[in-house]
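Below: one structure, written as structure tokens.
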Amino acid sequence: MYDIITFGGATLDIFMKDKEFEISEVTNDLKKLCLAFGDKIIVDDVHFTNGGGGMNTATSFAQLGFKTSFLGAIGDDEIGDSIKAKLKKKNISSDLLQTIKDAKSGLSVAMHAGERERTLLLFRGANDDLRPEQVPWEKLSQTKWIYLSHLSGKSDASLSRLADFIEQNDIKLAWNPGSTQLKKGLPHLEKLLKKTTILNINKEEAELLSGITVARNKNLSQDEIDDMTPVFEKLAKVGPKIIVITDGKKGAAVF
């Protein structure tokens, strides 16, 4: 029996940093990363790690001492092997991990031009290919909590079955929906939101999901979040028992 199973993506993340990643400011709101076409650029620094919504949260829960398993998809390749090795190193069960034949594991490359400026290249690969019939539902029932992060591509189809599954197995759900889900709108997500114990989204996502925009209060300090009460109230009517809205450096508000 697990304390929590995280369900989502896993990637190999490569971070590259170099002063030659020149930033060209086009407007106040838009900047472009400029590289000379055809050049070979020797970067100043590089860092390798594993990421993805499901992988990152599994690592956090395991470090907090929870018995954790990760459900996601990898390809039969070296990146997939590195993901399995990382799970073992972090004491995270890989019993639910699915290997998709003829698929490549997920990869992201972040090009940093400064301390915070970056351009991200993302290949989702096998993360898009975990179909509902490939989910080990019987094993998935062996947990107290499921933490659901972004499911993209064919993997998104599992959401339609998940609402009934967690009710039948008396499992609590914490959900951090991704862009694939949020773009479908509140009515499409309502069934699963009714079964959600904790909903975790950022300010922009909360506004998109609720259809309510909260204007920035210029009188607040940099570490004070805007009053999100109208958004909280609308989302709470759909069903989540606890709603967390984050807003970068300003922190978070909880309803």
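What you see below is based on every heavy atom in this structure, not just the backbone, and it leaves out hydrogens, waters and symmetry mates. Not measured: the values here are computed from a predicted model. The residues of the chain are indexed from 1 along the displayed sequence.
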Shortest non-hydrogen contact from Leu130 toward Phe7:
CD2-CE1, 3.8 Å
Under 4.5 Å between side-chain heavy atoms, counting indirect links through other Ile/Leu/Val/Met/Phe/Trp/Tyr residues: same cluster for Tyr2 and Leu64 or not?
no
Minimum side-chain heavy-atom gap Leu220-Ile225 below 4.5 Å:
no
In chain order, what residues pass the salt bridge (Lys or Arg N to Asp or Glu O under 4.0 Å) check against Lys184, with sequence neighbours excluded?
Asp156
Applying side chain to side chain contact (heavy atoms under 4.5 Å, CB included), name anything that partners Thr68, two or more places apart in sequence or on another chain.
Ile4, Ala58, Phe61, Ala62, Phe66, Ile92
Any Leu87 side-chain heavy atom under 4.5 Å of Thr59 side chain
no
Can you list the residues that meet the side chain to side chain contact (heavy atoms under 4.5 Å, CB included) rule with Lys104, with sequence neighbours excluded?
Asp77, Phe123
Rounded to the nearest 0.5 Å, how far apart are CD1 of Ile146 and CG of Leu71?
8.5 Å
How many angstroms lie between atom NZ of Lys241 and atom CG of Leu199, to the nearest 0.5 angstrom?
12.5 Å
Please examine the side chains of Ser152 and His150, heavy atoms only from C-beta on, and report whether any two atoms are closer than 4.5 Å.
yes
Quick one: CG on Leu97 to NZ on Lys84, what's the gap to the nearest 0.5 Å?
7.0 Å
Are Ile242 and Leu173 linked, directly or through intermediate hydrophobic residues, by side-chain heavy-atom contacts shorter than 4.5 Å (ILVMFWY only)?
no
Provide the closest heavy-atom pair for Asn176 versus Glu205 in the form atom of the first, atom of the second, distance.
ND2-OE1, 4.5 Å
Does Lys234 use its side chain to pair, donor to acceptor, with the backbone of Ser210 at less than 3.5 Å?
yes
A side-chain contact here means heavy atoms from C-beta on lying under 4.5 Å apart; do Lys249 and Gln222 qualify?
no
List, by chain and number, the other hydrophobic cluster members for Phe15, where Ile, Leu, Val, Met, Phe, Trp and Tyr join if side-chain heavy atoms come within less than 4.5 Å, directly or indirectly.
none
Using the test side-chain hydrogen bond (donor to acceptor under 3.5 Å, both in side chains), find all partners of Asp102 that sit at least two apart in sequence or belong to another chain.
none
Of all the heavy-atom pairs spanning Ser158 and Trp137, show the shortest one and how long it is.
O-CH2, 4.0 Å
Side chains of Gln63 and Ser60, donor plus acceptor under 3.5 Å:
no
Could you tell me which residues satisfy ring pair (Phe, Tyr, Trp, His ring centres under 6.0 Å) with Phe255, sequence neighbours excluded, listed by chain and number?
Phe232
Is any side-chain heavy atom of Arg131 less than 4.5 Å from a side-chain heavy atom of Ser155?
no
If you group Ile, Leu, Val, Met, Phe, Trp and Tyr by side-chain heavy-atom gaps below 4.5 Å, do Met55 and Leu122 land in one group?
no
Start with the C-alpha gap between Leu140 and Ile5, add the side-chain angles, then the distance that decides, and say whether side-chain contact (heavy atoms from CB on, under 4.5 Å) holds.
CA-CA 8 Å; Leu140 189 59; Ile5 293 172; 3.8 Å; yes
Checking Asn219 now: which residues fulfil side chain to side chain contact (heavy atoms under 4.5 Å, CB included) with it, not counting sequence neighbours?
Asn217
Which one of Asn127, Ile83, Leu107 satisfies the side-chain contact (heavy atoms from CB on, under 4.5 Å) criterion with Thr11?
Asn127
Would Asp247 and Ile245 satisfy side-chain contact (heavy atoms from CB on, under 4.5 Å), going step by step from the backbone distance to the final call?
CA-CA 7 Å; Asp247 191 14; Ile245 297 178; 5.8 Å; no
For atom CD of Glu78, is the number of surrounding heavy atoms from other residues, nucleotides or ligands below 6.0 Å larger than 12?
no
Verify the cluster assignment for Leu193 and Met228: are they in a single hydrophobic cluster under the rule of side-chain heavy atoms below 4.5 Å apart?
yes
Report yes if the side chains of Asn91 and Lys67 come closer than 4.5 Å at any heavy-atom pair, otherwise no.
no
Note: Ser149 and Gly54 closest approach over all heavy atoms is OG-N, 3.2 Å
Is any side-chain heavy atom of Asp223 closer than 4.5 Å to a side-chain heavy atom of Lys250?
no
Here the pair of heavy atoms bringing Val238 nearest to Pro240 is C-CD, 3.8 Å
Check the pair Lys139, Leu96 against side-chain contact (heavy atoms from CB on, under 4.5 Å), reporting the backbone distance first and the verdict last.
CA-CA 7 Å; Lys139 291 183 179 179; Leu96 298 163; 3.3 Å; yes
Do NZ/NE/NH1/NH2 and the carboxylate oxygens of Asp226 and Arg216 come within less than 4.0 Å?
yes
Rounded to the nearest 0.5 Å, how far does CD1 of Ile79 lie from CD1 of Ile74?
10.5 Å
Those residues at least two apart in sequence (or on a different chain) that pass side chain to side chain contact (heavy atoms under 4.5 Å, CB included) with Thr246 are Asn200, Asn202, Val244, Ala252
Locate the shortest heavy-atom distance separating Ser108 from Asp13; write the atom from each residue and the value.
OG-OD1, 2.6 Å
Under the side-chain hydrogen bond (donor to acceptor under 3.5 Å, both in side chains) rule, collect the residues that match up with Asn56, sequence neighbours excluded.
none
Quick one, Asp76 with Thr99, criterion side chain to side chain donor-acceptor pair (under 3.5 Å). Give me CA distance, side-chain angles, the key distance, then yes/no.
CA-CA 6 Å; Asp76 186 13; Thr99 300; over 6 Å; no
So do the side chains of Ser94 and Phe70 get within less than 4.5 Å of each other, counting heavy atoms only?
no
Check whether Leu189 and Leu151 end up in the same hydrophobic cluster, where Ile, Leu, Val, Met, Phe, Trp and Tyr are linked by side-chain heavy atoms less than 4.5 Å apart.
yes
Could you walk me through whether Met111 and Leu121 pass side-chain contact (heavy atoms from CB on, under 4.5 Å), step by step?
CA-CA 8 Å; Met111 295 183 291; Leu121 306 178; 4.2 Å; yes
Measuring from atom CE of Met16 to atom NE2 of His47, what distance do you get when rounded to the nearest 0.5 angstrom?
12.5 Å
Leu120: which other cluster members, linking ILVMFWY side chains closer than 4.5 Å, directly or transitively?
none
Among Thr196, Ile201, Ile212, whose side-chain contact (heavy atoms from CB on, under 4.5 Å) with Leu235 holds?
Ile201
Quick check: does any side chain N or O of Glu233 sit under 3.5 Å from a backbone N or O of Pro230, one acting as donor and the other as acceptor?
no
Value rounded to 0.5 Å, distance of CD1 in Ile198 from CH2 in Trp175:
14.5 Å
Step by step, would you call Lys144 with Asp3 a salt bridge (Lys or Arg N to Asp or Glu O under 4.0 Å)?
CA-CA 5 Å; Lys144 302 172 184 175; Asp3 294 316; 3.4 Å; yes
Enumerate, atom names and distances included, each donor-acceptor pair closer than 3.5 Å involving a side-chain atom of residues 162-171, sequence neighbours excluded.
residue	atom	partner	partner atom	Å
Asp164	OD2	Lys191	NZ	3.2
Glu167	OE1	Lys195	NZ	3.2
Glu167	OE2	Lys195	NZ	3.2
Asn169	ND2	Phe165	O	2.8

Who pairs with Lys203 by side-chain hydrogen bond (donor to acceptor under 3.5 Å, both in side chains), at least two apart in sequence or on another chain?
Glu207
